[in-house]
Amino acid sequence: MTKKSSLLPILLQQSRRRVIWSGWKLVIILSMGLCVFALFRLHLSSPPETLLSRRRSFSREVVFSGPPKIAFLFLVRRGLPLDFLWGSFLENADTGNFSIYVHSEPGFEFDESTTRSRFFYGRQLKNSIQVIWGESSMIEAERLLLDAALEDPANQRFVLLSDSCVPLYNFSYIYSYLMASPRSFVDSFLDVKEGRYHPKMSPVIPKDKWRKGSQWIALIRSHAEVIVDDVVILPVFKKLCKRRPPLDASKGKLNVKLQKQHNCIPDEHYVQTLLSMSGLEGELERRTVTYTVWNQSATKMENKGWHPMTFSYANASPRKIKEIKGINHIDYETEYRTEWCRTNSTFVPCFLFARKFSRGAAMRLLSDGVAGPFDASSILARSAPDWER
């Protein structure tokens, strides 16, 4: 009895120690779990620059032989109405120096019945999507074009073009201009107006990284990869960067509420903001190489918003083209910045392409030899593609 009595305090003490140790183990496990959770939250809310640069560190190593190519990426509604101009432009180029990719409406194919230029046969993407202006589908289509072009390791420059874009020089000049620069050409500036940036974009997209600019870009390969690999910024844009619906008389008082929504046009902000978030602005010529004239009529702007002016045969004169080609700097008022146009530290004309051009204006460029020598009779002899009839 005495022996059991003497063991009892020892057993109680051992039991108490086990309870205390179990408690400490539970505390340690919970603390570790909280640490992991905190790190996970920090990872999600950390600046995308950190996340994106980490993705770039695993960027694919590309080795290719032969000359580097320019990938011309056409973002079109259906067919390509100025294919005859681009066909003449490309006739004077070495086929090993360029490649062509076209994003058109799903199911549309480029063949002898739908295009006048052999360079576009079969160049449409098979995985195209329906694109709606002012929605994220526009930047998704751009990413599809870049993704397809990245499959060819020889593609080292990526130029996004619309169905109304025209070249202002021959192929040789444009090729030399783009290849001479180790930088991308991306129109990018601070957007100081209220309404485009949504506060809920923070902390993923801080307001001081928010940028605006033309969607018509010319990229080096590493920047094209950043855009295609992005899984951080795109979801935010799809959720929060949306075009404000136009006024609709049938909705009456509801219009007041609708017009208070943020009016965010994704393709005017996505690439610029993504590259800003990725810490890549120092690798850019922060300007576009595609010239656009914006209609800033107060009456039209009130009714429809700003829209590019379309060049007709009459106003696509040699004098006007010479004027465009003579522009050598761009002023950015929001940043008190003047961008003198350079490529590889050499001062050059700012623009290689222009939009929006009608067929008549494009024909005038051809007749004036802007894109290079051409045979007018052979072009006029070709019948219009089926989709234009």
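Since this is a predicted model, take the numbers as computed values, not measurements.
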Problem set entry | Step-by-step side chain to side chain contact (heavy atoms under 4.5 Å, CB included) determination, Lys239 to Lys200 | CA-CA 10 Å; Lys239 182 178 180 181; Lys200 290 185 179 180; over 6 Å; no

For this session: Take Ser162 and Trp216, measure what side chain to side chain contact (heavy atoms under 4.5 Å, CB included) needs, and give me the verdict at the end.
Result: CA-CA 8 Å; Ser162 75; Trp216 310 111; 3.3 Å; yes

Exercise. Does the salt bridge (charged side-chain N to carboxylate O under 4.0 Å, His left out) test come out yes or no for Lys69 and Asp152, once each step is laid out?
Worked result: CA-CA 9 Å; Lys69 293 181 182 179; Asp152 184 349; 3.0 Å; yes

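A distance of 12.0 Å separates CD1 of Ile100 from OH of Tyr121, quoted to the nearest 0.5 Å. To the nearest 0.5 Å, atoms SG (Cys165) and CZ (Phe353) are separated by 8.0 Å. We find the NZ-CD1 distance between Lys209 and Ile233 to be 11.0 Å, quoted to the nearest 0.5 Å.
The shortest heavy-atom contact between Ser278 and Val226 is OG-CG1, 3.7 Å. The minimum heavy-atom distance between Met277 and Val204, with the atom names listed, is CE-O, 3.3 Å. Heavy-atom minimum distance, Ala362 versus Leu85: CB-CD2, 4.0 Å. The two residues Gln215 and Leu160 have their closest heavy-atom pair at O-CD2, 3.3 Å. Scanning all heavy atoms of the two residues, the minimum distance from Ile330 to Cys350 falls at CG1-SG, 4.2 Å.
With a 4.5 Å cut-off on side-chain heavy atoms, Gln124 and Tyr101 do not count as touching. Side chains of Leu365 and Asp368 form no contact here, defined as non-hydrogen atoms less than 4.5 Å apart. Ile220 places none of its side-chain heavy atoms less than 4.5 Å from the side chain of Gln156. For the pair Asn97 and Ile70, the minimum side-chain heavy-atom distance is 4.5 Å or more. The side-chain heavy atoms of Asn263 and Lys242, taken from C-beta on, include no pair separated by under 4.5 Å. Arg287 is listed as a side-chain neighbour of Phe185, based on a closest heavy-atom distance under 4.5 Å. Taking the side chain as every heavy atom from C-beta outward, Leu144 and His103 approach each other to under 4.5 Å. For the pair Leu178/Leu352, a side-chain contact is recorded, criterion being any heavy-atom separation below 4.5 Å from C-beta on.
With sequence neighbours left out, Glu135 forms a salt bridge (charged side-chain N to carboxylate O under 4.0 Å, His left out) with no residue at all. Not counting sequence neighbours, the partners of Glu323 by the salt bridge (charged side-chain N to carboxylate O under 4.0 Å, His left out) test are Lys320. Checked against disulfide bond (SG atoms under 2.5 Å apart), Cys241 has the following partners two or more places apart in sequence or in another chain: Cys264. For Arg211, the salt bridge (charged side-chain N to carboxylate O under 4.0 Å, His left out) partners two or more places apart in sequence, or in a different chain, are Glu281.
If you look at Trp86 and Phe74, their ring centroids are closer than 6.0 Å. Two rings, from Tyr169 and Phe171, have their centers 6.0 Å or more apart.
The disulfide (SG to SG under 2.5 Å) analysis of residues 85-115, with sequence neighbours excluded, yields no pairs.
Under a 3.5 Å cut-off, the side chain of Arg77 and the backbone N or O of Glu105 do not form any donor-acceptor pair. With hydrogens and angles ignored, the 3.5 Å screen pairs a side-chain donor or acceptor of Tyr197 with a backbone N or O of Ile205. A donor-acceptor pair under 3.5 Å is absent between the side-chain atoms of Asp191 and the main chain of Lys212, judged by distance alone. A donor-acceptor contact shorter than 3.5 Å is absent between the side chain of Ser276 and the backbone of Gln272. Side chain of Thr288 to main chain of Ser214: no donor-acceptor pair is present (N/O by atom type, distance under 3.5 Å, no hydrogens or angles).
In the hydrophobic clustering of this structure, Tyr291 does not group with Tyr313; members are Ile, Leu, Val, Met, Phe, Trp, Tyr whose side-chain heavy atoms approach within less than 4.5 Å, directly or through other members.
A cation-pi arrangement is absent between Arg123 and Phe110 under the rule of less than 6.0 angstrom and at most 45 degrees off the ring axis. The cationic atom of Arg78 (NZ for Lys, CZ for Arg) does not lie both less than 6.0 Å from the six-membered ring centre of Phe108 and within 45° of the ring axis.
By the 30° and 60° cut-offs, the orientation of the rings of Phe98 relative to Phe72 is tilted.
The number of heavy atoms from other shown groups lying within 6.0 Å of NZ (Lys325) is above 12. More than 12 heavy-atom neighbours from other residues, nucleotides or ligands sit within 6.0 angstrom of CZ on Arg183. No more than 12 heavy atoms of other residues, nucleotides or ligands lie within 6.0 Å of CZ in Arg342, so this atom counts as exposed by the packing criterion.
Of the candidates Glu142, Glu140, Arg143, Tyr270 forms a side chain to side chain donor-acceptor pair (under 3.5 Å) with just one, namely Arg143.
In the hydrophobic clustering, Phe347 connects to Trp340, either directly or through intervening members, whenever side-chain heavy atoms lie under 4.5 Å apart.
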